[in-house]
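Written out below as structure tokens is the structure these notes cover.
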Amino acid sequence: MKKLHQSAMARHMVWNALGRLMPHQCTAAVAPKRWLSAAAVSDDCEALARQELAKRAHHEVQIARRRRREADDELVLFQCASAAGFVCQGEDTEDEGKRRRRVIDRFVTARAEEIMSAIAAKTPLQQVVDFTLEVAPSQKLPQPIAGNGLFIKNAATGEVPPGTLLAFYPGSVYLPHEVRWCGGDKALLDRAGQPISSHVIGRVGGVLIDGLWSGFEVPATEYDLSASAFQEALEARMEREGVTSDKVRGAARADLQAFCEGLRSEARRTNVPEHAGVPEHVRALNPLAVGEMINHPPNGSPANVMGWPVDLDLTGRGNGYIAPNTFALRPEGERRPGAPSPYTVVMVAAQTLQPGDELYLDYGCELLEPDEIPVWFAPATLRGDASAQDPRAAPALAIRDELHAWRRDFENSNHRKPTRHDMFSDEVAA
């Protein structure tokens with residue numbers, strides 16, 4: 001089941017700003033103080049270890065709180081979907097969470113398709129939605145760091161109710177096998193000439209969307225391969241990375257196969273959208289394609305919107321020409337920004353909003369390693385009770401334990417620590 005991962009893959013600004021001391025640095029730090037006794041040196045190291053442990057404990061608490069927020073958001077969406085007439089369908093033995101997310105999928109996707117169809121038919125947007133949005137300087141966040149934000153400008157009924165689809169997240173789409181075969185998200189963005197990842201949002205399963213419209217043209221020599229060239233490319237990659245595991249080799253083969261088939265497919269050679277990836281043109285076609293402008297909430301405030309992944313239907317109705325997203329990787333000879341992609345993320349109201357309200361999306365940077373969390377980041381507060389300790393009342397506590405178990409299993413199986421992309425690509429961890 002699709003679900004958005006709002007984290008460092010949800011606009012992940014990853015700054016190595018905290019400079020955590022590693023164990024070997026501890027010795028180096030105290031070595032010049034030759035007047036210190038061995039006991040004093042040991043005490044300093046123990047103090048640093050305790051600080052590190054405290055930092056980790058705080059980090060785990062924040063992860064649990066984040067999972068609680070996600071559970072709260074899902075409940076809000078499910079209630080809105082049920083009120084709109086969308087009901088659970090499926091086997092009685094199916095997990096209740098999956099059935100609930102399927103209802104939310106149908107509810108949010110139906111609304112997204114309705115809006116896209118209206119835009120394709122050139123229907124005035126005010127006939128489809130009863131609010132307008134405005135991009136303007138953020139009011140409660142520090143300037144000039146925050147820059148512009150996204151606001152509710154007008155609402156026909158005086159307010160925007162929870163569950164309202166507010167915006168699409170436009171940008172270039174990187175598929176998970178492309179990310180893995182190209183060496184990870186950093187290597188991929190470097191190749192695309194994108195020095196920052198400040199507007200990269202991700203979906204569980206590994207799909208990345210760059211709201212700054214990065215991407216690059218792939219030479220045919222990398223994807224239009226004969227059987228022998230395919231094998232040579234695979235073996236060269238395995239040798240370069242020192243891979244000896246048959247399991248890893250099989251996964252790499254599958255990624256290369258998907259990489260080649262994707263870039264050879266006709267879906268990558270259709271006409272590019274009318275907006276050509278220019279933000280002003282994107283918004284002229286679809287005034288709701290402004291999700292990349294939503295900021296993280298200020299310290300002490302909750303997020304008031306949530307993200308949900310949607311796979312748009314781009315066939316038969318001209319939707320491809322107005323698609324808010326395109327494939328980032330282009331076959332040789334194809335124009336920027338690439339062929340229309342159905343993979344997007346929509347922003348949905350998590351609470352009642354009033355004209356003048358700035359929209360806030362939880363970036364979820366608490367899911368990063370402690371030394372990778374941006375210095376400006378403060379976790380979004382809960383909209384509900386933050387004091388619950390019972391896992392039945394706070395399912396995030398159980399989710400945290402499951403995540404720890406998954407991490408241990410991954411390390412035992414792969415003999416290394418999992419990366420963020422490992423986590424996002426794994427259905428269990430995600």
Side-chain angles (χ1 to χ4, degrees), residues 1-7 10 64-115 128-131 133 150 152 155-169 203-204 288 291 294 297 301-312 344-355 357-362 364 379-388 390-399 430:
M1 182 58 59
K2 306 185 300 297
K3 190 179 180 185
L4 176 70
H5 193 286
Q6 301 165 325
S7 75
R65 285 170 59 83
R66 172 173 178 76
R67 297 307 186 196
R68 168 67 183 272
R69 289 194 295 275
E70 290 177 345
D72 289 346
D73 286 347
E74 189 173 293
L75 180 59
V76 169
L77 270 182
F78 179 69
Q79 292 172 341
C80 294
S82 299
F86 291 83
V87 296
C88 287
Q89 295 178 344
E91 299 294 333
D92 292 337
T93 57
E94 186 180 28
D95 176 75
E96 181 63 26
K98 290 182 178 179
R99 295 176 65 187
R100 186 167 57 242
R101 287 189 288 273
R102 184 176 293 112
V103 171
I104 297 171
D105 274 340
R106 289 168 42 226
F107 167 64
V108 176
T109 299
R111 183 57 176 155
E113 295 287 5
E114 181 183 5
I115 293 173
V128 186
V129 299
D130 57 3
F131 63 89
L133 302 174
L150 188 62
I152 300 293
T157 62
E159 62 182 25
V160 178
T164 301
L165 193 156
L166 298 168
F168 294 82
Y169 198 98
R203 297 172 20 155
V204 165
L288 302 187
I294 301 177
S301 299
N304 54 19
V305 304
M306 64 190 98
W308 197 267
V310 168
D311 295 351
L312 296 171
T344 192
V345 169
V346 297
M347 304 299 165
V348 183
Q351 62 187 51
T352 300
L353 300 168
Q354 311 289 337
D357 285 347
E358 181 170 0
L359 305 184
Y360 297 120
L361 173 70
D362 181 3
T381 60
L382 294 167
R383 287 190 293 275
D385 178 18
S387 63
D390 185 348
R392 291 170 297 180
L397 300 177
I399 294 173

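Residues Leu353 and Gln351 have side chains in contact (heavy-atom distance under 4.5 Å, counting atoms from C-beta outward). Taking the side chain as every heavy atom from C-beta outward, Val103 and Val87 never approach each other to under 4.5 Å.
With sequence neighbours left out, the ring-ring contact (aromatic ring centres under 6.0 Å, His included) criterion links Phe107 to Phe86. With sequence neighbours excluded, no residue forms a ring-ring contact (aromatic ring centres under 6.0 Å, His included) with Phe78. For Ala156, the side-chain contact (heavy atoms from CB on, under 4.5 Å) partners are Asp130, not counting sequence neighbours. Legend: residues meeting side-chain contact (heavy atoms from CB on, under 4.5 Å) with Val129, ordered by chain and number and at least two apart, are Arg111, Ile115, Leu125, Phe131, Leu288. Residues meeting the side-chain contact (heavy atoms from CB on, under 4.5 Å) test with Pro302, sequence neighbours left out: Thr381, Arg383. Scored by the side-chain contact (heavy atoms from CB on, under 4.5 Å) test, Thr352 finds Glu159, Pro162, Gln354 as partners (sequence neighbours excluded).
Summarising the geometry of Leu165 relative to Val108, their closest heavy-atom pair is CD1-O, 4.0 Å, with the distance given to 0.1 Å. For the residue pair Ala112 and Val310, the shortest heavy atom distance occurs at CB-CG1, 4.1 Å. Closest of all the heavy-atom pairs between Ala303 and Pro297 is N-CG, 4.0 Å. The nearest pair of heavy atoms linking Pro355 to Gly158 is CD-O, 3.3 Å. Nearest heavy atom pair, residue Ala155 against residue Val160, reads CB-CG2, 4.1 Å.
Within the model, atoms OG1 of Thr164 and CD1 of Ile152 stand 8.5 Å from one another, a figure rounded to the nearest 0.5 Å. Here the straight-line distance linking atom CG of Leu77 with atom CH2 of Trp308 works out to 6.0 Å at 0.5 Å rounding. Summarising the geometry, atom CG belonging to Leu150 is positioned 11.5 Å from atom CG belonging to Asp357; distances are rounded to the nearest 0.5 Å. Taking CD of Glu74 as the start and CD of Gln79 as the end, the distance is 11.5 Å to the nearest 0.5 Å. In this structure, the separation between CG on Leu312 and CZ on Phe168 is 6.0 Å, given to the nearest 0.5 Å.
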Worksheet item: Are Asp311 and Arg203 close enough, and set up right, to give a side-chain contact (heavy atoms from CB on, under 4.5 Å), and what steps lead you there?
Response: CA-CA 11 Å; Asp311 295 351; Arg203 297 172 20 155; 2.8 Å; yes
Worksheet entry | Working for side-chain contact (heavy atoms from CB on, under 4.5 Å), residues Ile294 and Met347 | CA-CA 9 Å; Ile294 301 177; Met347 304 299 165; 3.6 Å; yes
